[in-house]
Each structure stands twice: as C-alpha cells, then as structure tokens.
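Note that the coordinates shown come from a computational prediction; the quantities given were computed from them, not determined experimentally.
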Amino acid sequence: MIVTQNLVKVFRTEEVETTALNNVDLHVEKSEFVAIMGPSGCGKSTLLNIVGLLDNPSSGRFVFDGIDVSLYKESQRTNLRKGKIGFVFQSFNLIDELTVYENVELPLIYLGLKVSEREQLVKAVLERMKIGHRRNHFPQQLSGGQQQRVAIARAVVAGPRLILADEPTGNLDSKNGLEVMKLLSELNREGTTIVMVTHNERDAGFAHRIVHLFDGQIVSEQQKQAFELAGVESY
C-alpha cells in the first residue's frame, strides 16, 4: 500500500536548512500494523505527514496504493486522501463548536453523502466506539478517553483503508490508552492498514513491525513474531 524510495524532506529558511528525512525506504503492506519509533525531532511526524498526503517530499519516490504521488499538487493529494485515509492525533483535533455527532459526521459531508446515509454510518460507528450515549455532547464535556474514541470514530466512519495515528495515547492515562490501542488493533484485524508514531513501548507492542528512525533515517526494523503478538492480549 505504501512504498517510499530515497525519500528526502528538507525544510529551508533564509538562514537554516534542516534535513528531516534522509533517503528513507519504507514499505507497508495492506492490512499491516506498523509502529514508527525514535527520539523527538527524528522525522517521525514528517514521515507520517507525507504518507498521509498532507505534504510532498523534497525528492525521492512515494507510491500510495499503486499511484506515484511524489509530485502531486495539494488539490490532487486532497482528492486522493478523501475517504481513503483516517487520522488520529494525540491532541484529538475535535472541533469544540460541534457535537460528537457533528464531529464524526464531518468527513461524510465532505464526501457528499446524503443525510440518511450519514446518519446510518455515524450512528453505527458511535455505537461501536461505545460513545453513542454522548452524541449530543460537545468535546469539552468529555473525558480524554472519550474524546479519543470520538476521534477514532471520525477517522473510521468513511471506511478508510489506512489509519495514521500520531501518538494516539499521548494524552491519556494507561487504562484509556490501552482501550484505544485495543480499538486500533481490532480495526487492523478487520483489514485496515495502520501506521502509528509512538514513544510508548507498550503501544508499539501491538504492531506487526516496529521501524526505528534516527536523524531522519531508518536505522533498524523489528518484525514481531507470532508468539509476541499473541502476548499483546495480556497487557
């Protein structure tokens, strides 16, 4: 689903040039769960933004779902992203002025779905995330764990093939963080590809493969064994 070759991302100002990614080769298969780890400033979020079609590389090749998107314009990336990629962020990124229902409905409005279709999909995903009883509440009326459930509901309501999660448990206590990881793992078992940036060793344990970044380069990869994955349920 995702292939990068010699991927480079350079940020330039008048005085400073910073190489965030340096010749990154990354392959992610369909239905795989990949965790990306590394110290702050190593390029994890930059890589996630490129994979999520939010930004273009400075050079190198990026193939998404069989399409070379390396030189796509912003409008082209936006159109390709719709309905195919869901995002889950550490800070939830919910819109405070919208209710839970309205936040989750928003991606479906962008896709042009009819009101009846939207209602059916939103109701189903809110019930699945066990947050349906809060559908008319606003984000600030929810706990952190509940807000992240809403964020996941918004990410998956359109049935994307790929979920990108950037420190999805970073603002949660251990109990709520574990519940979020179990939800992501369940979605992955159903066929959704997941790429997650995390500092959390426990969260990374849910992935099939762990990719370690350092100074903008992949320095190692760890393929999880079947017995290790089975052990995740014990957390």
Side-chain angles (χ1 to χ4, degrees), residues 1-28 34-65 67-97 103 106-107 110 139 144 147-148 151 154-155 160 162-172 193-201 203-204 207 209-222:
M1 171 170 273
I2 295 166
V3 179
T4 75
Q5 296 176 333
N6 299 319
L7 202 71
V8 174
K9 182 63 179 181
V10 178
F11 295 100
R12 294 183 176 88
T13 66
E14 291 183 0
E15 300 178 355
V16 179
E17 179 176 289
T18 304
T19 300
L21 297 174
N22 187 10
N23 293 316
V24 171
D25 294 337
L26 176 69
H27 291 223
V28 178
V34 175
I36 300 174
M37 302 189 75
S40 297
C42 72
K44 301 186 302 296
S45 294
T46 299
L47 180 57
L48 207 67
N49 285 340
I50 292 175
V51 169
L53 302 174
L54 297 173
D55 198 2
N56 272 349
S58 301
S59 64
R61 190 164 179 255
F62 173 37
V63 177
F64 174 77
D65 207 17
I67 303 171
D68 191 334
V69 298
S70 307
L71 300 177
Y72 264 31
K73 297 178 181 178
E74 184 176 353
S75 59
Q76 293 173 298
R77 296 198 308 269
T78 299
N79 288 331
L80 184 59
R81 193 167 61 235
K82 286 181 181 177
K84 291 188 177 182
I85 303 177
F87 296 88
V88 179
F89 302 97
Q90 176 178 348
S91 55
F92 317 133
N93 284 16
L94 300 174
I95 300 174
D96 289 339
E97 293 77 20
N103 266 282
L106 204 56
Y110 293 149
Q147 288 187 62
Q148 194 61 295
R154 181 186 58 189
L162 171 66
I163 291 178
L164 300 179
D166 194 351
E167 299 284 0
T169 68
N171 283 335
L172 303 178
T193 306
I194 297 179
V195 178
M196 175 182 68
V197 162
T198 183
H199 284 98
N200 191 311
E201 292 282 354
D203 292 357
R209 181 160 52 102
I210 301 173
V211 175
H212 294 273
L213 278 182
F214 187 77
D215 286 348
Q217 295 181 306
I218 293 177
V219 293
S220 67
E221 295 191 28
Q222 177 187 352

(request) Could you grab the distance from atom CG of Leu164 to atom CG of Leu48, nearest 0.5 Å is fine? (result) 4.5 Å
(message) Could you tell me if the side chain of Val51 sits less than 4.5 Å from the side chain of Leu47, heavy atoms only?
(response) yes
(request) Side-chain contact test, heavy atoms from C-beta onward, threshold under 4.5 Å: evaluate it for Leu21 versus Val8 and give yes or no. (result) no
(message) Please give me the minimum heavy-atom distance between Val69 and Asn56, naming the atom from each residue.
(response) O-OD1, 3.8 Å
(message) If the test is salt bridge (charged side-chain N to carboxylate O under 4.0 Å, His left out), which one of Lys73, Arg81, Lys9 qualifies with Asp55?
(response) Lys9
(request) Working to the nearest 0.5 Å, report the span between CZ of Phe64 and CD1 of Ile2. (result) 6.5 Å
(request) Would you check if Leu53 and Tyr72 make a side-chain contact, meaning some heavy-atom pair closer than 4.5 Å? (result) no
(request) Check side-chain contact (heavy atoms from CB on, under 4.5 Å) between Glu17 and all other residues, then give those that pass, not counting sequence neighbours. (result) Val10, Arg12
(request) May I have the step-by-step check of side-chain hydrogen bond (donor to acceptor under 3.5 Å, both in side chains) for Asp68 and Ser70, ending in yes or no? (result) CA-CA 6 Å; Asp68 191 334; Ser70 307; 2.7 Å; yes
(message) Working to the nearest 0.5 angstrom, can you tell me the gap between Met37 CE and Thr198 OG1?
(response) 5.5 Å
(request) For the pair Met196 and Ile36, evaluate side-chain contact (heavy atoms from CB on, under 4.5 Å) and give the outcome as yes or no after the intermediate values. (result) CA-CA 6 Å; Met196 175 182 68; Ile36 300 174; over 6 Å; no
Compile the donor-acceptor pairs under 3.5 Å between side chains in residues 83-93 and protein atoms, sequence neighbours left out, one pair per line.
unit_1, atom_1, unit_2, atom_2, d
Gln90, NE2, Asn171, OD1, 3.4
Ser91, OG, Asn93, OD1, 2.8

(request) Kindly compute the distance separating OG (Ser59) from CG (Asn23), expressed to the nearest 0.5 Å. (result) 7.0 Å
(request) Report yes if the side chains of Phe11 and Thr19 come closer than 4.5 Å at any heavy-atom pair, otherwise no. (result) no
(request) Look up atom CD1 in Ile210 and atom CD in Gln222, then write down how far apart they are to the nearest 0.5 Å. (result) 4.5 Å
(request) Taking side-chain contact (heavy atoms from CB on, under 4.5 Å) as the test, write out the residues that go with Phe214, two or more places apart. (result) Pro39, Val219
(message) His27: which residues meet the side-chain contact (heavy atoms from CB on, under 4.5 Å) condition with it, sequence neighbours left out?
(response) Val3
(message) On a heavy-atom basis, which atom in Asp25 and which in Asn6 lie closest, and how many Å separate them?
(response) OD1-N, 2.6 Å
(message) Can you pull out every side chain to side chain donor-acceptor pair (under 3.5 Å) where at least one residue sits in residues 37-52? Sequence neighbours excluded, please.
(response) Ser45-Asp166
(request) Drop me the distance from Glu74's CD to Asn79's CG, to the nearest 0.5 angstrom. (result) 10.5 Å
(message) A side-chain contact here means heavy atoms from C-beta on lying under 4.5 Å apart; do Gln217 and Val24 qualify?
(response) no
(request) Please answer whether the main-chain N or O of Ile95 pairs with a side-chain N or O of Asn103 as donor and acceptor at a distance below 3.5 Å. (result) yes
(request) Say whether, by atom type as modelled, one donor and one acceptor occur between the side chain of Thr4 and the main chain of Leu7 under 3.5 angstrom. (result) no
(request) Return each pair, listed once, that meets salt bridge (charged side-chain N to carboxylate O under 4.0 Å, His left out) where at least one residue sits in residues 211-221; pairs must be two or more places apart or across chains. (result) Arg209-Glu221
(request) Taking Gln148 for its side chain and Pro168 for its backbone only, find out whether a donor-acceptor pair lies under 3.5 Å. (result) yes
